[in-house]
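Below: one structure, written as structure tokens.
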Amino acid sequence: MTDDNQATASTGGKAQRKTLEDAATPYAATWTATGVPASPATIDPDLWPEVAQPPSGAKAAVAGKAAGLLFKGAVKRLPLRVQYPDGTVLGTGGPEAPVMTMVRPDAFEARIGDNGLIGLGESFMAGDWEASDLAGVLEVFAASVDTLIPTPLQKLRALYLPRTPRQERNAEQNTRSNISRHYDLSNELFSNFLDSTMSYSSALFPLAAGPLASVGWEALAEAQQAKIDRLLDKAGVGAGTRLLEIGTGWGELALRAAARGATVYSVTLSSEQQALAQERIAAAGYADKVTVALQDYRAVEGEYDAVVSVEMIEAVGYEYWPIYFQTIDRVLAPGGKVAIQAITMPHGRMLATRNAYTWVHKYIFPGGFLPSVRAIESITQQHTTLRVRERMGMGDHYAATLRLWEERFLERSREVGELGFDAVFQRMWLFYLCYSRAGFQSGYLDVQQVVLDRREAQL
């Protein structure tokens, strides 16, 4: 792929940067009946080249017709309702089932015919379809992901699905750019839907917070701190601990570790996160206890009593997981402990999709990939002296966290727009939050807190 083509493939990052530059333009929000920001009548092709117009031409028409037939055949047996402009309704769902409403079915089919699931997301961004319950619709698809496409066609995936551009592989020369495209969007954007801790990972809600399906916003900040405290406890972080944090976020874990008396060295590749984390740390009076370095994890030197990393392994990339764990192994002091929080997927699906290039890669997390628990155990056994000693799954807690972020993001749509993020961006971001929540609600994804150390195996 040429550099010019790569620039097109990275439209999400390009559009996001330009919308920020144009943030002074007043934002006039439009809304669908479900409260979702409506796609504008026209879409800027310079910002969103592959969203502004669906694929066209004879090849696109043929691929679209074939994709439409496959899609209709699949949804006929799924527990949802797909409504077409001519009154056709497909699916086995009853009155309470999530509803997917086709606005421009031909454009929808052309997009998925050309680009598979990337097209599904792009067609939502463009407004080719709407949903009364977007996460609910996507959850149905996530629960049926292994059977949506007939088995014979699944074996041909590698022939027609896009591959990861070489510029997005997480080699050291690319990783800063990959991270920047997501985390350097705008601290203000993230503050509009995150809680006061600015934690961008799964919370851990106590039983006292009530049922996870209905837990409220007021419980989120405390649940985020509970998640952090459990990781610090498992890593043995206390007074005098030399702690390495891989992936700073906006500094909440470093703050809580410093409050325990630890000395923290935290690394990030996001200049936006580094700036706000340093500001928060200084305001709390811990500037002498915490260093936040703009540094690749592979370049870390020194020796640390504990290593903690929260949802950072997902940004490492499949082929670099051995280096990630070898780095931790290299800097961990004798007797030290490691605690990581990782989003995981089933091992079989991980193997089947490890070379895939998805909508999430293109628009949200370039270079990212989710491990399986088995992969973490296998890689640490084969490449390090570290061993997994304990793990705890908490996927239901992530579904609740994402629901709260989604609700907050919709509530703050006008404020997000005033930052310069247009309706296409907002539909993209909503799709990402709902897409993620659907993965956890369906059980397709999980999130694990994993504890590792070097203790000898017990005989």
Side-chain angles (χ1 to χ4, degrees), residues 30-39 51 54 63-151 153-154 213-214 358-360 396 399-400 402-403 406-407 409-410 413 423-424 426-445:
T30 53
W31 301 83
T32 67
T34 57
V36 176
S39 178
V51 178
K65 290 294 183 185
L69 291 173
L70 286 172
F71 176 78
K72 291 172 181 175
V75 298
K76 282 179 180 178
R77 50 188 167 76
L78 296 182
L80 80 169
R81 296 165 61 203
V82 181
Q83 299 178 340
Y84 284 81
D86 64 1
T88 300
V89 179
L90 302 178
T92 64
E96 303 301 317
V99 177
M100 181 179 187
T101 302
M102 290 295 175
V103 178
R104 294 184 289 270
D106 290 344
F108 170 81
E109 292 175 359
R111 292 182 196 275
I112 62 172
D114 183 66
N115 234 350
L117 290 178
I118 292 178
L120 178 70
E122 289 179 338
S123 61
F124 180 79
M125 292 162 65
D128 296 335
W129 61 278
E130 302 290 351
S132 60
D133 174 4
L134 180 56
V137 168
L138 295 175
E139 181 181 354
V140 172
F141 290 142
S144 309
V145 68
D146 291 326
T147 58
L148 284 174
I149 304 299
T151 302
L153 293 181
Q154 289 187 31
S214 58
T358 69
W359 180 88
V360 170
D396 290 345
L402 283 156
R403 174 179 57 80
E406 174 193 334
E407 292 170 356
F409 183 75
L410 287 174
S413 177
V424 179
Q426 293 196 38
R427 289 176 67 90
M428 177 192 78
W429 203 262
L430 180 64
F431 189 87
Y432 149 60
L433 294 175
C434 291
Y435 181 91
S436 301
R437 177 156 70 98
F440 291 102
Q441 289 181 168
S442 67
Y444 178 73
L445 301 179

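For clarity, every value in this text was computed on a predicted model and none was experimentally measured. Basis for what follows: all heavy atoms, side chains included, without hydrogens, waters or symmetry-related copies.
- A donor-acceptor pair is defined here as one N or O able to donate and one able to accept, closer than 3.5 Å; no such pair exists between the side chain of Trp129 and the backbone of Val82.
- Nearest heavy-atom pair, Val140 versus Pro98, reported as atom, atom and distance to 0.1 Å: CG2-CG, 4.2 Å.
- Sorted by first and then second residue, the side chain to side chain donor-acceptor pair (under 3.5 Å) pairs involving residues 89-107 (not counting sequence neighbours) are Arg104-Asp128.
- Qualifying side chain to side chain donor-acceptor pair (under 3.5 Å) partners for Arg81, counting only residues two or more places apart in sequence or in other chains: none.
- In this structure, Ile118 and Thr358 approach most closely via the heavy-atom pair CG1-C, 3.6 Å.
- Note on residues 432-445: pairs passing salt bridge (charged side-chain N to carboxylate O under 4.0 Å, His left out), not counting sequence neighbours, are Glu406-Arg437.
- Atom CZ of residue Arg427 and atom CG of residue Leu134 lie 8.5 Å apart, to the nearest 0.5 angstrom.
- Counting only distance, with no hydrogens or angles, the side chain of Gln426 and the backbone of Ser413 share a donor-acceptor pair below 3.5 Å.
- Here the side chains of Val99 and Leu80 are not in contact, with every heavy-atom distance at 4.5 Å or above.
- Taking Trp359 as the reference, nothing meets the side chain to side chain donor-acceptor pair (under 3.5 Å) condition, with sequence neighbours excluded.
- In this structure, the side chain of Arg111 does not engage the main chain of Gly121 through any donor-acceptor pair within 3.5 Å.
- The side-chain heavy atoms of Phe124 and Met428, taken from C-beta on, include no pair separated by under 4.5 Å.
- Note that CG of Leu117 is 10.0 Å distant from OG of Ser123, once rounded to the nearest 0.5 Å.
- Taking the ring-ring contact (aromatic ring centres under 6.0 Å, His included) definition, one finds that Tyr435 meets it with Phe431, sequence neighbours left out.
- Looking at residues two or more places apart in sequence or on another chain, you find a side chain to side chain donor-acceptor pair (under 3.5 Å) between Thr88 and Asp86.
- Using a 4.5 Å heavy-atom cutoff, the side chains of Val75 and Phe141 are in contact.
- Checked against salt bridge (charged side-chain N to carboxylate O under 4.0 Å, His left out), Glu109 has the following partners two or more places apart in sequence or in another chain: Lys72.
- Atom CG in Leu433 sits 11.5 Å away from atom CG in Leu138 (nearest 0.5 Å).
- Contacts of Pro105 classified as side chain to side chain contact (heavy atoms under 4.5 Å, CB included), with partners at least two apart in sequence or in another chain: Tyr84, Pro85, Met102.
- For Ser436, the side chain to side chain contact (heavy atoms under 4.5 Å, CB included) partners are Leu402, Tyr432, not counting sequence neighbours.
- When side chains are defined from C-beta on, Glu122 does not count as touching Phe108, because their heavy atoms never get closer than 4.5 Å.
- What you find for Ala438 and Ala135 is that their closest heavy atoms are CB-O, 3.6 Å.
- Scanning for ring-ring contact (aromatic ring centres under 6.0 Å, His included) contacts around Phe440 gives Tyr398, with sequence neighbours left out.
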